[in-house]
Amino acid sequence: MKDNKNSEVTTPLPREEQGDGSLASKYSPAEVEGKWYQYWLDHKLFSSKPDGREPYTIVIPPPNVTGVLHMGHVLNETIQDILVRHARMEGKNACWVPGTDHASIATEAKVVNRLAEQGIKKSDLTREEFLKHAWAWTEEHGGIILKQLRKLGCSCDWDRTGFTMDEIRSESVIKVFVDLYRKGLIYRGVRMVNWDPKALTALSDEEVVYKEEHTKLYYMKYYLADSVPNDFVAGDGNVVHKDKRGYYAVVATTRPETIMGDVAMCINPNDPKNQWLKGKKVIVPVVGRVIPVIEDEYVDIEFGTGCLKVTPAHDVNDYMLGEKYNLEAIDIFNDDATLSDRISTAQQAALAAKSVPADFVIGLDRYVGTERFACRKQIAEDMTAAGLMEKIEDYDNKIGCSERTGVPIEPKLSMQWFLKMEHLADIALSPVMNDDIQFYPAKYKNTYRHWLENIKDWCISRQLWWGHRIPAWYLPTGGFVVAENEQEALQLAREKSGDANLQLADLRQDEDALDTWFSSWLWPISLFDGIRNPGNEEINYYYPTADLVTGPDIIFFWVARMIMAGYEYEGKMPFKHVYFTGIVRDKLGRKMSKSLGNSPNPLELIEKFGADGVRMGMMLSAPAGNDILFDEVLCEQGRNFNNKIWNAFRLVKGWEVADSEQPEAARIATQWFSAKLRLAAEELADDFSKYRLSEALMTVYKLFWDEFSSWYLEMVKPAYIDGKPQPVDRTTYDATLQFFEVLLKMLHPFMPFITEELWQAIYERKAGESIMQAELHLPAPSDADRQLCADFETVKEVVTAIRAVRSQKNIAPKEKLVLEMTQPQQAAGTQFSNAIMKMANLSAINVVTEKSSGSASFLIGTTEFAVPLGNLIDLDAERKKLETELQHLEGFLTSVEKKLSNERFVQNAPAAVVEMERKKQADAQQKIASIRETLASL
RNA sequence: GUCGGCAUAGCUCAGCUGGUUAGAGUAUCACCUUGACAUGGUGGGGGUCCUUGGUUCGAGUCCAAGUGUCGACACCA
């Protein structure tokens, strides 16, 4: 599985060139990306070994081994790569461990489907035969997604690639199972579980999703088996039903077919309308079984008729009632949710025990073997025909369905393995609540706490073959042993049975496999072999990992359980920070789905916009925890940005260098930009520390495009004389290259490919060197830096104002103008004057006491500027503009003065705030005065 | 039903412990094919910060209620 384009390594600096030897005007990612990824691999730049540096570890949320890359992965993996590359450039020993998940139920379902296409049924195969098919499938499709991650630029240490069912991970899972069993935390027993009748396995509570459905509510007649005594009177609150057959109670249900498992009817003892039913017996319609009326406050008086049918085998709440009142549980279904022949056996027994009028009864034989929904329809029809149905109403209901197969689950009593959660929940709660482990965004702490505080035991066994087989062996004489392997099992079995001649062949291993998440929860430990080999060098070094990046949908499945396992087996948190990503939606806010066709293929996007472009598109609107409305337009923006970087590089690289003196404008520009970089680096560090990655990207984006390209480069760009470009002085050139390099480093985590390409081209590099290892340490900005940048903002305002004058008066950029100003002491007027002249194309800046007549004037701060325009000036328009501004300023002044005249404000507000208001007042007054003066002179 | 998040420009979102008449990206409009880049440049327009009350000298920011919206959990058979 070799990446086609990546195999041939090319020269360090191949770039598409134009005929004349200059660089092409467009950046071409396709030529660059494969080349550099291979370079990184060839030089083992992603690989990590424990050393003296601070570790930075991320374990990948393992995608399904047979999965393919979708937009959700692109988001998730891009974030991880940004974090890893950022940490690596900070000088940390970055280790990103990739791998895949065997995804027990999902993969088994896919294999079963494929076999079905070939006409093979799973039930026709032995376990070994089936597993052979499953492994073949895994090898065929497995790892495709890992190859696709390379296209994205992910800097995983591929030598560490793990699989949740490889040898190390399998042994770890078994070891943990045995350990938890011996600690008494794992037990086996018959419980009500969620049964998936399609996958034919039990599921955990977390694997059940509720879907809204339009169904029916059936009101069925349960006739009284005994005569009705006369101790109730009509009108005393009792609601009594009677027809020609006799008295009856009405029971409302959404599942009429389950009456075959009815063993009681339950009323609320406080329900006035059902008092007459107390102590009675009723006859289950169709079935003919006579059942008692029991009383429990669990029953909601308001719902339906207040009469609840009790079917302990098929409803969790009924099961609890059954336990409480010691009722029989009649399981009416086969494993695939067709009706079992037990229903007719039970009916015969019931009819034999008690005689029931024949017209209440329908032979249940006809339903045996029918599918549950067909049966429901049929029995409703039959009851209606037999006059046993009072009425049928429309009803909206939420139905629990299997997350994986989508079919409605059946609550089913069955023998399963469970993990007690109380202790594990205990150790996992406080680290999150007190921020030892930090959630981003923090709102998920609530969700987390709620789940842990209401946790139930975890059903960990699955009636599947693709997974870790439960290490329990049953003895021929009954009972079982739990052991890490067959030898140990045999030994334990011999001890337990007292039969020293017992052979392995006498033992039968449990057929079930473990829930996939029972292996995933060990991932941050098992990847470093910390379960089998506790305290080894790797686990000591890399654990706890730094950041976990995942979706909030698996906070219970995975995140919470990793925290439990982490504390149970390492005594430490598995990760320090959890970054929850949102769901990737389309730009209309809809979930991406195959049927809507709104899910772009990431690989096609990469082809179209380049991996860097796609990564940027993804990150531009991806605040942690918010859903992402993905729009290709953002990838386009990413691609355009690449192109901008590329062209800035072309410009700088195209300069001729001379040993001339540095022009004043360039000198101040380099000073300013160097300060600007320090400020930006500080801002970036802050964004990263808060995991505000899209803001970090936006910070660099604006830094490169606006500050560097539009301001800095324009200020230092050598002029053209007689149509010929002049050379740049060496000082400026060197500074520019250094700035460029810093910018590339800042951009690298977000856009690894183009930054490597240009970093390699900007200076000569040694073989094997890479930008990804280049450290970025800028000194903290000084007060002088801050002042300089603030002053420069004023410069920009002046330049922009002059450009606005040009734009309004339609004066060509080439035409030189003169600027007049009244306050020479202003920063903007002195050290920056050369820069202003260059950026605004001025021939002079004159300090004047009185502006020329016929000039366009403007205020920056309290300094007055004017551009003499001669007869170009439109006095009316000028007056109008000034009047608008005057109005605005006067309104402003009024509000400030109102504040200042409020004694309570002056007394209560901090001195600095009051001072600020006074300054605002003075400034506004001065501005108003100068505008009035200008107006008067017009 | 319980709990939680969110509501700011056409769109997507910033706005930290309250303190200049609220910002960014994008979209949009006008002008400009100059010599890195039209995948570009320059300039402009655009907001009752959901509503109502309260606290405060001062509220987009804090509190309460309401409305809308999204989510988690629990579900009445």
Side-chain angles (χ1 to χ4, degrees), chain A residues 22-23 25-27 210 217 251-255 258 266 298-311 315 317-318 395 397-398 400 441 443-448 450-451 454 552-553 555-556 583 587 589 609 613 620-621 623 625-629 631 633-634 636-637 639-655 686 690 692 694-695 698-699 701-702 709-710 713-714 717 719-720 723-725 800-801 803-808 810 812-814 888-889 891-892 895-896 899 902-910 912-914 916-917 919-920 923-924:
Chain A
S22 65
L23 298 173
S25 69
K26 285 177 179 49
Y27 169 65
Y210 288 87
L217 193 57
V251 171
T253 183
T254 53
R255 303 196 60 187
T258 61
C266 190
Y298 163 75
V299 177
D300 181 353
I301 296 174
E302 302 302 319
F303 188 88
T305 56
C307 296
L308 172 71
K309 63 195 265 320
V310 182
T311 323
D315 183 278
N317 296 308
D318 291 13
Y395 188 64
N397 197 14
K398 271 187 190 158
K443 64 178 174 182
Y444 290 110
K445 282 164 75 175
N446 282 328
T447 314
Y448 182 83
H450 185 264
W451 186 71
N454 296 282
D553 50 329
I555 188 168
F556 309 135
I583 297 168
K587 62 179 166 186
F609 301 107
L620 273 179
S621 63
N626 280 16
D627 284 358
I628 284 99
L629 304 193
D631 191 344
V633 167
L634 294 172
E636 208 176 310
Q637 198 185 343
R639 181 203 58 194
N640 293 353
F641 185 40
N642 279 347
N643 217 45
K644 184 75 182 177
I645 298 168
W646 178 254
N647 276 296
F649 177 78
R650 276 178 71 210
L651 170 70
V652 175
K653 216 53 192 174
W655 283 341
D686 184 56
K690 292 173 180 150
R692 296 159 69 138
S694 36
E695 289 188 29
M698 189 47 70
T699 300
Y701 176 77
K702 286 191 284 190
S709 299
S710 299
L713 287 179
E714 292 300 332
K717 199 154 122 183
Y720 271 69
K724 278 182 67 185
T800 302
R803 285 172 177 170
V805 170
R806 279 187 197 278
S807 182
Q808 280 152 21
N810 250 320
K814 273 184 171 172
H888 177 260
L889 277 168
F892 177 70
S895 81
V896 172
K899 240 188 239 187
N902 182 342
E903 261 175 53
R904 284 182 301 175
F905 169 73
V906 180
Q907 274 166 16
N908 295 328
V913 173
V914 178
M916 183 77 80
E917 292 300 315
K919 186 170 187 309
K920 272 154 60 179
D923 285 359

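Note on naming: letters A, B, ... go to the chains in the order of the sequence lines (proteins, then strands), and numbering restarts at 1 for each one.
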Query - 5'-most by nearest nucleotide on RNA chain B - A:Ala719 or A:Asp318 - result: A:Ala719

Query raised in the report: Touch check for A:Gln808, heavy atoms < 4.0 angstrom, all strands: base, sugar-phosphate only, or nothing?
Result: nothing

Requested in this report: Could you tell me which residues satisfy ring pair (Phe, Tyr, Trp, His ring centres under 6.0 Å) with A:Trp655, sequence neighbours excluded, listed by chain and number?
Outcome: none

Report summary line: Stems of at least 3 consecutive Watson-Crick or G-U wobble pairs (donor-acceptor distances under 3.5 Å) involving RNA chain B, listed by first number, are B:1-7 with B:67-73, B:10-13 with B:23-26, B:28-32 with B:40-44, B:50-54 with B:62-66

Query - Set of residues satisfying salt bridge (charged side-chain N to carboxylate O under 4.0 Å, His left out) with respect to A:Asp553, sequence neighbours excluded - result: none

Report summary line: Ranking B:G44, B:C57, B:G25 by distance to the side chain of A:Ala909, first place goes to B:C57

Query raised in the report: Picking from B:A24, B:A72, B:C57, which would you name as closest to the side chain of A:Lys702?
Result: B:A24

Requested in this report: Considering just the side-chain nitrogens and oxygens of A:Tyr701, establish if one lies under 4.0 Å of OP1 or OP2 belonging to B:A24.
Outcome: no

Query raised in the report: In chain order, what residues pass the salt bridge (charged side-chain N to carboxylate O under 4.0 Å, His left out) check against A:Arg255, with sequence neighbours excluded?
Result: A:Glu257, A:Glu410

Find every protein N or O atom lying less than 3.5 Å from an N or O atom of nucleotides 27-30 of chain B, and list the pairs.
none

Query raised in the report: Of all residues at least two apart in sequence or in a different chain, which pass the side chain to side chain contact (heavy atoms under 4.5 Å, CB included) check with A:Lys702?
Result: A:Met698, A:Asp706

Requested in this report: Scan A:Met698 against the nucleic acid and name what it touches under 4.0 Å (heavy atoms): base, sugar-phosphate only, or nothing.
Outcome: sugar-phosphate

Report summary line: With the side chain defined as heavy atoms from C-beta on, A:Asp300 is closest, among B:A77, B:G4, B:U20, to B:A77

Query raised in the report: Is there a side-chain contact between A:Leu308 and A:Phe303, using heavy atoms and a 4.5 Å cut-off?
Result: no

Query - Set of salt bridge (charged side-chain N to carboxylate O under 4.0 Å, His left out) partners for A:Lys644, sequence neighbours left out - result: none

Requested in this report: Name the nucleic acid region contacted by A:Glu695, choosing base, sugar-phosphate or nothing; use a 4.0 angstrom heavy-atom cut-off, strictly under.
Outcome: sugar-phosphate

Requested in this report: Under 4.0 Å between any heavy atoms, over every strand shown, what does A:Val299 touch: base, sugar-phosphate, or nothing? Just pick one.
Outcome: base

Report task. Considering just the side-chain nitrogens and oxygens of A:Thr447, establish if one lies under 4.0 Å of OP1 or OP2 belonging to B:C73. Result -> no

**Report entry** Sugar-phosphate, base or nothing in reach of A:Tyr395, heavy atoms under 4.0 Å
**Finding:** sugar-phosphate

Query - Nucleotide of B:A24, B:G44, B:U26 approaching A:Gln637 most closely (side-chain heavy atoms) - result: B:U26

Report task. Using a heavy-atom cut-off of under 4.0 Å over every strand shown, decide if A:Thr311 touches base, sugar-phosphate, or nothing. Result -> nothing

Query raised in the report: From B:G44, B:G35, B:A77, pick the nucleotide closest to the side chain of A:Tyr298?
Result: B:A77

Requested in this report: Pick base, sugar-phosphate or nothing for A:Asn397, based on heavy-atom distances below 4.0 Å to the nucleic acid.
Outcome: sugar-phosphate

Report summary line: Residue set satisfying side chain to side chain contact (heavy atoms under 4.5 Å, CB included) with A:Asp627, at least two apart, ordered chain then number -> A:Ile583, A:Arg585

Query raised in the report: What pairs with A:Tyr444 under ring pair (Phe, Tyr, Trp, His ring centres under 6.0 Å), at least two apart in sequence or on another chain?
Result: A:Phe580

Query - Point-to-point distance, once rounded to the nearest 0.5 Å, from CZ of A:Arg639 to CH2 of A:Trp646 - result: 15.5 Å

Requested in this report: Report the residues that fulfil side chain to side chain contact (heavy atoms under 4.5 Å, CB included) with A:Glu695, sequence neighbours left out, ordered by chain and then residue number.
Outcome: A:Asp687, A:Arg692

Query raised in the report: Would you say A:Arg692 reaches B:A24's phosphate, i.e. side-chain N/O to OP1/OP2 under 4.0 Å?
Result: no

Report task. Give A:Phe556 one of three labels, base, sugar-phosphate or nothing, depending on what nucleic acid heavy atoms sit under 4.0 Å from its own. Result -> sugar-phosphate

Query raised in the report: Rounded to the nearest 0.5 Å, what separation is found between the CG atom of A:Leu620 and the CD1 atom of A:Ile628?
Result: 11.5 Å

Polar-atom pairs under 3.5 Å, protein N or O versus N or O of nucleotides 37-40 of chain B: list them with distances, or write none.
from	atom 1	to	atom 2	distance (Å)
B:C37	O4'	A:Asn647	OD1	3.1
B:C37	O4'	A:Asn647	ND2	3.4
B:C37	O2	A:Lys644	NZ	2.9
B:C37	N3	A:Lys644	NZ	2.8
B:U39	O4'	A:Asn640	OD1	3.1
B:U39	O2	A:Asn640	OD1	3.4
B:U39	O2	A:Asn643	ND2	3.2
B:G40	OP1	A:Asn640	ND2	3.3
B:G40	O3'	A:Lys644	NZ	3.4

Query raised in the report: Can you name the residues that form a ring pair (Phe, Tyr, Trp, His ring centres under 6.0 Å) with A:Phe609, not counting sequence neighbours?
Result: none

**Report entry** Along RNA chain B (nearest heavy atom to each residue), the more 5'-positioned of A:Lys690 and A:Arg803
**Finding:** A:Lys690

Query raised in the report: Counting any heavy atom closer than 4.0 Å, what does A:Leu308 reach on the DNA or RNA strands: base, sugar-phosphate only, or nothing?
Result: base

Requested in this report: Give the nucleotide from the list B:C31, B:C73, B:A77 with an atom nearest to the side chain of A:Thr253.
Outcome: B:A77

**Report entry** Face-to-face contact A:Phe303 to B:A77 six-ring, under 5.5 Å, under 30°
**Finding:** no

